[in-house]
Structures are given as C-alpha cells and as structure tokens.
Amino acid sequence: MALQDKYKPLTDAASSLGVTNLQVREQNNVLYVDGDAPSGDVKDKLWDIYNQLDPDYRAGDLVLNVNISGMVGGVQAQVVTDESNLNVRKGPGTDQPVVGKAAHASTVTLISKTNDQWWLIKTAAGEEGYAYAQYLKPI
Amino acid sequence: MSISIIRSNMMLLVVSCCVLFSCKVKDSDIASAITSLTSAIPGASSVTPDVKDGVVTISGAFPSDSAKSAYDAVVKGIKGVNTVTDNTTITPPPPPPAPVVISPDSALTTGVADATKDYPSVQTSVNDGVVTLTGDIKRADLQKLMESLHSLKPKKIVNNLTIK
C-alpha cells in the first residue's frame, strides 16, 4: 500500500489524462502500472511525474509500462529520432540486417505491431521493414 | 353546549378511526424512515424498497450477506411495517487482479540488447526478471532508455548508472 501512496500522483494523473486499460498492481514490493496513453504527450507527462516522485528512477520499485494507444496499423507516424536516421531492419531485432533507413522527422506508415518494441513499417520511399517503436510517434 | 357536543363527536370519530384502521402509518412515512435509518448500511443506496399497505418489497443488490440482513432487520423494526419481502441479490466481489506477467529472461535479454544498442557505455545484466544497469549515460538519454526497458515487462529495474 505504501507504494500505491508514493505513486498516487502518477496513477491519479494517468486516470485524469485519459489513460485506458489502466492497471495498478503491487507484487513483491514493486508497483506495476500498465495502460494505454491517448497520446505521446500524455506518456511524456507520466514519465515526468515518475521522475519527480523517484528522481533518476533509482528506487527500482515501479515498472511503468504505458503504450500509446494511437499506435495502430494503417496510421502514419513520424520518425522521432534525436537527429539520425532510423534503421529499418529485415526482422524485429537489432541483430537483424538493416534493409533501409527512414529519415529523421520523415513520415512512415505503420503496418503491424510485432510487440511493444517493434513495428513493421513502410517508409516514404516504399521500403518495408521493422523499426524500433520508441522512435515512432503517431500523427 | 352545542360546541361541546360537536367536540365530543369529533373525538369519537378520531377514536373510531383509530380502532377501525388501527392508526395506520402512511406508506410514504415508512419509505422515508427506511431511507434515513438504513443510510449507513453498505449498498443501501443501490436497493429499492417498495412500500404498499405496510408491505415492504426490496429489490436490487447488496454487496454482502451481512448488509442484506442488517437492512432487513432495520426495515422489520420500523413502525407500521407488516411484512418484508426481500428480493435482493448479492453482488459477487470483483475478481482479484490478474498477476503481473513478467517476461522470461531470454526475451528480456534480447529486448535489453535492442534498447541499449545506442548507448554503448551502458552495461546490463538480466537475472530472474531483474534488469541491472551499470556504466554511465547522458542525462538527456536516461528517460528514453528507461521507457524502452520498462516496456519489456521486467520484474524490476535496478538503476546503478552514473548520470553524466
């Protein structure tokens, strides 16, 4: 219960910001918060709150697994790398060969989700392959 | 003289009314007594007592057996209530939340390798679901790395990184 109190501002914000499928569960002294955020901004906000409650994520007592619900097959997404181009790979894994690049800030089409980390995408140039989900933001 | 006759006649009328109709308590009074006397019982607001000629029929659902019997006992004790028919049900308690699913170490190891590929100064180990981070990282990259790692469904993340 103490953990739920510690992270109450986070779970309260998740509810009020419209996170769906929200699950808050405590198990072996770790709090697991899962849900689908309506936008990347909401996800960022929750991570900011997490960092305020546990500076630099040192306590190791929370696993915050919030995905962006707008990430669905068929929609367009922007490549949100820092500055580099995004590798497009033959399969879902960094051990897979690079088959193309999606330019920084370019728009790609999401085809299908492999897991929370990898998406099959199609670049503006028509190349198809797998890209790391964190660098894709639905438009 | 005539006034006193009228008065005694009226008294007789009132008394005979009471005898004939046993000084009936109004159904609406019973209903409001039920509302006020049961307000502290859990679930009282989600059931409906229907009062007709002193017969109370209760419908709806209580959260527990004890709330149901406490409610019935209060209603039976209210003046003017002849019969109580309790048609309420008990709402089953919500199922316990599903246990948290932790990814197996093999999936975590692959996922952690993907997530840390761009941060060569970060070392990782995975053991029984626990991801331990050592080495160093730029402050600007910390949150991005953490977001990727948390989405892998680990049991726990131990952050021993030096933040530069």
Side-chain angles (χ1 to χ4, degrees), chain A residues 22-37 40 43-52 54-68 71 80-84 86-87 89 91-96 98 113-118 130-135, chain B residues 94-122 124-164:
Chain A
L22 182 65
Q23 280 191 298
V24 180
R25 294 172 288 183
E26 191 170 338
Q27 198 167 292
N28 298 324
N29 301 318
V30 177
L31 191 68
Y32 298 83
V33 177
D34 297 85
D36 298 314
K43 179 178 175 174
D44 290 345
K45 216 167 271 177
L46 295 177
W47 274 88
D48 289 345
I49 297 171
Y50 177 16
N51 198 21
Q52 284 160 21
D54 177 25
D56 297 339
Y57 322 108
R58 291 290 187 193
D61 55 5
L62 177 73
V63 173
L64 178 59
N65 180 22
V66 174
N67 295 302
I68 302 168
M71 292 279 278
V80 290
T81 47
D82 284 341
E83 52 195 25
S84 56
L86 178 64
N87 286 331
R89 295 175 182 273
T94 50
D95 54 346
Q96 295 286 314
V98 175
K113 180 179 173 171
T114 304
N115 52 39
D116 286 341
Q117 287 72 45
W118 292 95
Y130 293 83
Y132 204 55
Q134 200 189 355
Y135 298 114
Chain B
V100 179
V101 176
I102 309 291
S103 298
D105 280 3
S106 54
L108 281 174
T109 305
T110 315
V112 168
D114 288 347
T116 52
K117 178 190 81 87
D118 292 337
Y119 313 108
S121 59
V122 173
T124 59
S125 70
V126 175
N127 186 14
D128 192 20
V130 179
V131 177
T132 304
L133 307 172
T134 50
D136 50 56
I137 194 165
K138 282 189 240 149
R139 179 165 295 281
D141 292 333
L142 178 65
Q143 181 171 326
K144 276 183 285 178
L145 173 62
M146 282 296 179
E147 285 185 16
S148 315
L149 294 174
H150 279 240
S151 74
L152 297 170
K153 302 188 173 72
K155 183 188 280 179
K156 179 179 181 157
I157 295 174
V158 178
N159 172 15
N160 292 332
L161 289 167
T162 304
I163 299 164
K164 296 205 288 194

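Everything numeric here is computed off the predicted structure, so don't read it as measured data.
B:L149 does not touch chain A: none of its heavy atoms, backbone or side chain, sits under 4.5 Å away. A:N87 touches chain B through its side chain: at least one heavy atom from C-beta onward sits under 4.5 Å away, while N, CA, C and O do not. In this structure, the portion of A:V30 lying under 4.5 Å from any heavy atom of chain B is its side chain and not its backbone. Contacts between B:A140 and chain A at a heavy-atom distance below 4.5 Å are absent for every atom of the residue. Of the two parts of B:I102, only the side chain, counted from C-beta on, holds a non-hydrogen atom closer than 4.5 Å to a non-hydrogen atom of chain A. Heavy-atom distances place no part of B:V158 under 4.5 Å from chain A, backbone and side chain included. Only the side chain of A:Y132 has a heavy atom closer than 4.5 Å to any heavy atom of chain B. Within the 4.5 angstrom heavy-atom criterion, no atom of A:D61 approaches chain B.
No side-chain donor-acceptor contact under 3.5 Å links B:N160 and B:T134. Donor-acceptor pairing under 3.5 Å is recorded for the side chains of B:S151 and A:Q117.
Classification of B:K144 and B:D141 as a salt-bridged pair holds, one side-chain N sitting under 4.0 Å from a carboxylate O. In summary, A:R25 and A:D34 engage in a salt bridge, as defined by a charged side-chain N under 4.0 Å from a carboxylate O.
Between B:D118 and A:Y135, the closest side-chain pair of non-hydrogen atoms falls below 4.5 Å.
Interface remark: of the candidates B:V130, B:L152, B:T110, B:L152 forms the most heavy-atom pairs closer than 4.5 Å to chain A. Among B:K155, B:E147, B:M146, B:K153, the residue making the largest number of heavy-atom pairs under 4.5 Å with chain A is B:E147.
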*Please report the C-alpha distance between B:R139 and A:D56 in whole Å, then the side-chain angles of each, then the deciding distance to 0.1 Å, and finally whether the salt bridge (charged side-chain N to carboxylate O under 4.0 Å, His left out) criterion is met.*
CA-CA 9 Å; B:R139 179 165 295 281; A:D56 297 339; 2.8 Å; yes
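Note: A:L62 CG to A:Y32 OH = 10.0 Å, rounded to the nearest 0.5 Å.
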